[in-house]
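Everything numeric in this text was worked out from a predicted model, so none of it was measured. Positions are given from 1 along the sequence. In listed order, ligands and their atoms are each counted from 1.
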Amino acid sequence: MPSFSIGVDLGGTNLRIAAVSPEGELLEKISVASNLSLGPDQVIAQMCDDIQHLCAKYRDAAKFLGVGVGVPGIVDVDAGVMQKAANLPGWEDYPARAEIEQRLRGCAVFEKKEPRVILENDARAAGLGEQWIGAARGVANVAMLTLGTGIGGCIILNGKIWRGRNGLAGEFGHLTVEPDGIPCGCGNRGCSERYASASALVRMAREAIAGGAAPALAQAAASQPEFGAKEICQLALQGDEPSRRIFSSFGRYLGILLADLVNILNFEIFVIGGGVASAWEAFSPKMLAELATRSIVYATAAHHPGLPKEERERGAGEGKTVITRAVLGGDAGLYGAARLGQITG
Ligand SMILES: [Zn+2]
């Protein structure tokens, strides 16, 4: 009998729920507004309605495996609780997993079994998704950086999320790249996510506009209410010098961060995802140059000039460190959450 799990991705805008097979086939996806202002009770009620709807639809044809839920914040996976939830008001210390399990208890799909739900940080889930069926498919040891409002991180060791003692392993966004730099919400200064995230791009653009020497950025900011990473990237790719400088700085700091990660982990592949990864053309040349300068591990890895050009650019080859873009886009966390429901359910 075929089987399936449910993955849930709770984002700032959308709540998405998907039924996914163990082969990574998407059976069905539901997307609704996340309505975070209503608080966790309401959000979880909506989530569980949709989970039950999908379970009821597929349970006759396929065996149900479990539920994985990706959330933006620091998660105590064992307790099923968010310890820090800056973007989810009311979720800190709220017993999210217990609430979800309680609501699913009446769901016929669980029959006499206790519902099994895994709550996980969304960037960790995204890393697992990319390692399962994305850019790092088939690779046992992988690190992923998710570039969004901040920087999320994930370390996969032997095909499993490496959580560390307290579930905090992989907080790449809070590695210091500038010792006396900009203060960060975590209490440190100069964290990488203050310099290489969507919010960092907007900060640099606003500073350039305030300096009076960035007319194209000023015009874009004044005319586009949604002004952000995408607009700055478009200008950079069109050759606007202030925008190019912003992405050069972004790429430099990302390269500094990557150099540390490559030196520490010496993994075969590092995946870069999240919304800002779509600006790859704008930041990756500087990022890779910085990485080559700063990482002895990256620079001394075997070089294979005989490989086809595309393979060389991808960094492929025995011993070479591969730095590559994520391929699942915004669905990486949803697939990863579904995978969690399969391997632990
Ligand atoms: Zn920080």
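If you count the protein N, O or S atoms nearer to the Zn ion (ligand 1) than 2.8 Å, you get 4.
Other residues, nucleotides and ligands contribute at most 12 non-hydrogen atoms within 6.0 Å of the CZ atom of Arg244. In the displayed structure, Trp280 atom CH2 is contacted under 6.0 Å by more than 12 heavy atoms of other residues, nucleotides or ligands.
Residue Leu340 is tested with Val8, Ile161, Val117 for a side-chain contact (heavy atoms from CB on, under 4.5 Å); the sole match is Ile161. Applying the side-chain contact (heavy atoms from CB on, under 4.5 Å) test between Val276 and each of Leu147, Thr149, Ile232 identifies Leu147 as the sole match.
For the pair Arg203 and Tyr195, the cation-pi test (distance below 6.0 Å, angle within 45°) is passed.
A salt bridge does not link Glu120 with Arg97: every distance from a Lys NZ or Arg NE/NH1/NH2 to an Asp or Glu carboxylate oxygen is 4.0 Å or more.
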